[in-house]
Amino acid sequence: MKTISDYIEAAKNRQGFVTDADLDYALGFKRGMICRFRKETVYPTEQTMIKIADMADISIQQALLELSYWKADGAAKVAYEQIIQNLAVA
């Protein structure tokens with residue numbers, strides 16, 4: 001399972017960005033939002049996650065599912081983890 005940092009790095013690499021600030025700018029954010037994503041103090045919205053996944057050339061469906069996993073807790077987190085594992089086997 002990927003982390004938000006995996007998505008960020010893939011997007012930066014694929015787009016030729018050097019810094020997180022470059023990605024902030026490309027997504028229309030003020031500097032520092034990508035850092036907040038990395039620290040998991042805030043998560044991207046679904047629309048932002050779609051943009052990051054697209055920039056990284058990663059499946060939007062996978063990205064949205066993993067975003068839901070990162071945001072969940074308790075039984076929901078366990079359920080999302082099982083869904084992701086089941087889809088990886090299929």
Side-chain angles (χ1 to χ4, degrees):
M1 185 173 334
K2 291 178 177 43
T3 66
I4 187 62
S5 288
D6 294 331
Y7 281 88
I8 291 167
E9 288 304 313
K12 283 172 47 181
N13 290 338
R14 187 157 186 274
Q15 299 302 312
F17 299 149
V18 176
T19 67
D20 285 358
D22 295 333
L23 186 56
D24 275 327
Y25 180 75
L27 293 169
F29 295 128
K30 293 182 180 178
R31 188 174 177 167
M33 184 59 76
I34 296 299
C35 181
R36 292 175 67 195
F37 293 163
R38 285 187 189 274
K39 291 180 179 179
E40 298 180 5
T41 56
V42 67
Y43 290 101
T45 64
E46 286 82 2
Q47 290 303 314
T48 298
M49 195 66 211
I50 289 169
K51 290 177 186 175
I52 293 170
D54 187 51
M55 294 171 90
D57 196 27
I58 298 173
S59 160
I60 291 170
Q61 293 86 356
Q62 177 183 347
L64 291 175
L65 187 55
E66 288 180 328
L67 175 63
S68 294
Y69 168 78
W70 302 328
K71 293 166 80 172
D73 61 6
K77 192 168 195 96
V78 172
Y80 277 119
E81 186 173 18
Q82 290 171 344
I83 292 166
I84 291 167
Q85 289 173 353
N86 289 341
L87 291 173
V89 172

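In this structure, Phe37 is not a member of the same hydrophobic cluster as Tyr25, with clusters built from ILVMFWY side-chain heavy atoms closer than 4.5 Å. Each of Ile34 and Val18 belongs to its own hydrophobic cluster when Ile, Leu, Val, Met, Phe, Trp and Tyr are linked at side-chain heavy-atom distances under 4.5 angstrom.
Met33 contributes atom CE, which lies 4.5 Å from atom CZ of Arg36 (distance to the nearest 0.5 angstrom). From Leu27, atom CG reaches atom NZ of Lys51 across 7.0 Å, with rounding to the nearest 0.5 Å.
The side chain to side chain donor-acceptor pair (under 3.5 Å) search around Asn13 returns none, not counting sequence neighbours. The ring-ring contact (aromatic ring centres under 6.0 Å, His included) test applied to Tyr7 returns Trp70, not counting sequence neighbours. In terms of the side chain to side chain contact (heavy atoms under 4.5 Å, CB included) criterion, residue partners of Gln47 (sequence neighbours excluded) are, by chain and number, Thr45, Ile50. Looking at residues two or more places apart in sequence or on another chain, you find a side chain to side chain contact (heavy atoms under 4.5 Å, CB included) between Ala72 and Ala76, Lys77, Tyr80.
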Could you pull out every donor-acceptor pair under 3.5 Å between side chains of residues 52-61 and any protein atom, sequence neighbours left out?
{"residue": "Ser59", "atom": "OG", "partner": "Gln61", "partner atom": "N", "Å": "3.3"}
{"residue": "Ser59", "atom": "OG", "partner": "Gln61", "partner atom": "OE1", "Å": "3.1"}
{"residue": "Ser59", "atom": "OG", "partner": "Gln62", "partner atom": "N", "Å": "3.1"}

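The salt bridge (charged side-chain N to carboxylate O under 4.0 Å, His left out) pairs that include a residue from residues 65-75 are Glu46-Lys71, where partners are two or more places apart or lie in different chains. Residue pairs that meet the salt bridge (charged side-chain N to carboxylate O under 4.0 Å, His left out) test with at least one member in residues 15-32, sequence neighbours left out, are Lys12-Asp20, Asp20-Arg38. Applying the ring pair (Phe, Tyr, Trp, His ring centres under 6.0 Å) test to pairs two or more places apart or on separate chains, none has a residue in residues 40-62.
Side-chain atoms of Leu23 and Gln15, non-hydrogen and from C-beta on, never get closer than 4.5 Å to each other. When side chains are defined from C-beta on, Met1 does not count as touching Asp6, because their heavy atoms never get closer than 4.5 Å.
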